[in-house]
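A short write-up of the structure that comes next.
We name chains A, B, ... by the order of the sequence lines, and we start the count at 1 in each one. Since this is a predicted model, take the numbers as computed values, not measurements. Side chains are part of it too, since the values below use all heavy atoms of this structure and drop only hydrogens, waters and symmetry mates.
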Number of protein chains: 2
Amino acid sequence: MATAAGQPSEVELQAFRDRCRAAGLALTHQREVIYRAVCAMRNHPAPEAIYERVKAEIPSISLGTVYKNLKTFLDTGLLREVSPMHGSLRVDANTMEHHHLICTGCRSVFDLGADDLEPARLRSPLPEGFVLQRCAVELYGLCASCAAQSDQS
Amino acid sequence: MATAAGQPSEVELQAFRDRCRAAGLALTHQREVIYRAVCAMRNHPAPEAIYERVKAEIPSISLGTVYKNLKTFLDTGLLREVSPMHGSLRVDANTMEHHHLICTGCRSVFDLGADDLEPARLRSPLPEGFVLQRCAVELYGLCASCAAQSDQS
DNA sequence: TTATCTGCAAAGCCTTTGCGCAGAT
DNA sequence: ATCTGCGCAAAGGCTTTGCAGATAA
């Protein structure tokens with residue numbers, strides 16, 4: 001895991017298997033193919049796209065299985081959500097440049113003024129032809145009340 | 001518009017009305033109450049929460065109307081989506097620190113290594129009790145092929 | 001052998017759409 | 001008077017859930 005996108009190496013697959021075992025997950029063929037598909041696909045695919053790719057190797061697989069395993073991988077930390085805010089539209093009346101502090105517990109969002117952060121600065125050129133529109137920094141963590149709750153447990 | 005969260009001032013409401021007019025939108029009571037509700041609510045509410053608040057003032061309003069108007073406001077630029085990635089789960093096998101380049105046209109996501117950006121640096125303290133977990137910089141724009149397409153039109 | 005997983009299908013959110021009446025221009 | 005928007009209800013995506021048979025431990 002914790003690798004740049006691309007076909008996972010044998011070492012990484014071994015790490016995947018170890019991590020499944022550590023989490024008490026059975027090592028099924030479907031699981032491994034799904035995990036390999038996600039690694040091989042750049043652009044952070046949606047479940048449907050992963051399903052399409054996996055079907056090439058396991059034609060009988062169901063979309064439900066893909067969903068279940070993605071969720072399992074997210075819970076285990078083998079995968080991450082690109083944006084934990086998906087699931088419901090969230091709307092912002094502040095159209096000035098600013099950033100967000102996002103609680104991964106209760107999903108509330110707090111604003112952070114543009115001045116509260118050193119502006120992000122690119123060190124490498126963007127891909128040829130990419131037209132930049134805006135930049136948003138998202139800081140993820142636990143808000144005070146969610147942090148207090150998770151301390152108790 | 002373009003204001004920090006909070007009850008919008010009379011000047012801002014006037015700007016709201018002007019902007020509606022400029023976009024050919026009728027100035028209905030529902031519209032204005034919805035817009036005021038979004039401004040007044042911090043934490044970037046979901047449509048359901050906005051609906052609940054607006055209902056206090058207009059009990060007969062329907063959730064559909066809230067959705068339609070939020071979409072209208074987004075199209076007009078009066079509001080923004082907190083994260084344009086909502087709508088479908090997107091999964092990431094790379095659990096190392098890195099950032100994203102997101103095409104607002106086709107919603108594809110490209111990785112940007114942690115080294116490609118100057119690290120973000122806080123200038124102000126976080127809210128009391130907030131426990132930071134990770135930081136993600138998202139650069140929004142148009143990828144080469146979407147940019148080419150929108151040039152043609 | 002026992003626990004877990006798969007595939008299928010049904011159910012559940014969240015959101016959009018179509019339509020006839022009401023309201024804004 | 002005309003055009004746009006509202007409320008209602010039905011439909012549409014995306015995702016989760018329940019279950020019986022299959023597979024891993």
Side-chain angles (χ1 to χ4, degrees), chain A residues 13 16-38 44-52 54-76 78-79 81-91 107, chain B residues 13 16-38 44-52 54-76 78-79 81-91 107:
Chain A
L13 278 179
F16 165 76
R17 296 190 194 103
D18 291 346
R19 195 128 171 206
C20 282
R21 213 166 273 128
L25 300 177
L27 279 169
T28 65
H29 184 213
Q30 286 87 336
R31 279 232 245 263
E32 193 162 316
V33 173
I34 292 169
Y35 181 75
R36 272 198 285 104
V38 174
H44 306 301
E48 189 78 35
I50 299 167
Y51 171 60
E52 288 306 328
V54 169
K55 246 196 332 195
E57 196 164 338
I58 311 177
S60 64
I61 201 167
S62 77
L63 182 56
T65 297
V66 173
Y67 269 101
K68 281 181 214 175
N69 281 304
L70 291 179
K71 189 168 192 328
T72 303
F73 293 158
L74 291 171
D75 291 345
T76 320
L78 271 146
L79 295 180
E81 289 186 49
V82 170
S83 163
M85 291 301 302
H86 96 277
S88 175
L89 173 65
R90 294 302 202 87
V91 125
R107 310 217 150 171
Chain B
L13 279 179
F16 165 76
R17 296 191 194 104
D18 291 344
R19 194 127 171 206
C20 283
R21 214 165 272 131
L25 300 177
L27 279 171
T28 66
H29 184 214
Q30 285 87 336
R31 276 231 247 263
E32 192 162 317
V33 173
I34 292 170
Y35 181 75
R36 273 200 281 104
V38 174
H44 306 301
E48 189 78 35
I50 298 167
Y51 172 59
E52 289 306 327
V54 169
K55 246 198 329 198
E57 196 163 336
I58 311 177
S60 64
I61 201 167
S62 77
L63 182 55
T65 297
V66 172
Y67 269 101
K68 281 181 214 175
N69 280 303
L70 291 179
K71 189 166 192 329
T72 302
F73 292 159
L74 291 170
D75 292 344
T76 320
L78 271 146
L79 295 180
E81 288 187 50
V82 170
S83 163
M85 291 300 301
H86 96 275
S88 175
L89 174 64
R90 294 300 202 86
V91 123
R107 309 216 151 172

Throw together a table of side-chain donor-acceptor distances under 3.5 angstrom for residues 25-33 of chain B, partners on residues two or more places apart or in other chains.
| from | atom 1 | to | atom 2 | distance (Å) |
| --- | --- | --- | --- | --- |
| B/Thr28 | OG1 | B/Arg31 | N | 3.1 |
| B/Arg31 | NE | B/Ala26 | O | 3.0 |
| B/Arg31 | NH1 | B/Asn69 | OD1 | 2.8 |
| B/Arg31 | NH2 | B/Ala26 | O | 3.2 |
| B/Glu32 | OE1 | B/Arg17 | NE | 3.1 |
| B/Glu32 | OE2 | B/Arg17 | NH2 | 2.9 |

Inset, instruction - Starting from C1' on D/dA25, measure out to CZ on A/Arg17 and report it in whole angstrom. - result: 16 Å
Legend entry - Non-neighbouring partners of A/Ser88 that pass side chain to side chain donor-acceptor pair (under 3.5 Å), sequence neighbours left out: none
Inset, instruction - Classify the ring geometry between A/Phe16 and A/Tyr35 as parallel (under 30°), tilted (30 to 60°) or perpendicular (over 60°). - result: parallel
Legend entry - Under 4.0 Å protein heavy-atom contact, by nucleotide of nucleotides 18-25 of chain C - B base, S sugar-phosphate only: B-----SS
Legend entry - Atom pair distance, as rounded to whole Å: CD in A/Glu48 and P in D/dT15: 9 Å
Inset, instruction - Check B/Val66 against B/Ile34 and note the closest heavy-atom contact, atom names and distance. - result: CA-CD1, 3.9 Å
Inset, instruction - Work out which heavy atom in A/Arg19 is nearest to a heavy atom in A/Thr76; give both atom names and the distance. - result: NH2-O, 3.5 Å
Inset, instruction - Could you say whether B/Thr72 or A/Pro47 is positioned toward the 5' end of DNA chain D, judged by the nucleotide with the nearest heavy atom to each? - result: B/Thr72
Inset, instruction - In whole angstrom, give the distance that lies between atom NZ of B/Lys71 and atom C1' of C/dT16. - result: 9 Å
Inset, instruction - Rounded to the nearest angstrom, tell me the gap between atom OH in B/Tyr51 and atom C1' in C/dC14. - result: 14 Å
Legend entry - Donor-acceptor under 3.5 Å (B/His44 side chain, A/Val91 main chain): yes
Legend entry - Nearest-Å distance for atom pair NE2/C1', residues B/His86 and C/dC13: 13 Å
Inset, instruction - Take B/Leu89 and A/Leu74, measure what side-chain contact (heavy atoms from CB on, under 4.5 Å) needs, and give me the verdict at the end. - result: CA-CA 11 Å; B/Leu89 174 64; A/Leu74 291 171; 4.1 Å; yes
Legend entry - Results of side chain to side chain donor-acceptor pair (under 3.5 Å) for B/Glu48 - residues two or more places apart only: none
Inset, instruction - Choose from D/dC6, C/dG7, D/dT15 the nucleotide whose nearest atom is closest to any side-chain atom of A/Thr65. - result: C/dG7
Legend entry - d(CG, A/Asn69; C1', D/dA24) in whole Å: 14 Å
Legend entry - Upstream residue (5' side of DNA chain C) when A/Gln30 and A/Ser88 are each assigned their closest nucleotide: A/Gln30
Legend entry - Minimum-distance nucleotide (side-chain atoms of A/Leu63 versus C/dG7, D/dG7, D/dT15): D/dT15
Inset, instruction - Give the rounded distance in Å between these two atoms: CD1 of A/Ile58 and P of D/dA22. - result: 18 Å
Inset, instruction - Have a look at the helix from C/dT1-D/dA25 to C/dT25-D/dA1 and give the angle its two end axes make, five pairs each, rounded to 10 degrees. - result: 40°
Inset, instruction - Just jot down the side chain to side chain contact (heavy atoms under 4.5 Å, CB included) partners of B/Lys55, sequence neighbours excluded, or say none. - result: B/Tyr51, B/Glu52, B/Ile61
Inset, instruction - Could you state the atom-to-atom distance from OH of B/Tyr67 to C1' of D/dC6 in whole Å? - result: 17 Å
Inset, instruction - Among the candidates D/dC6, C/dG7, C/dT15, find the nucleotide nearest to the side-chain atoms of A/Ile61. - result: C/dG7
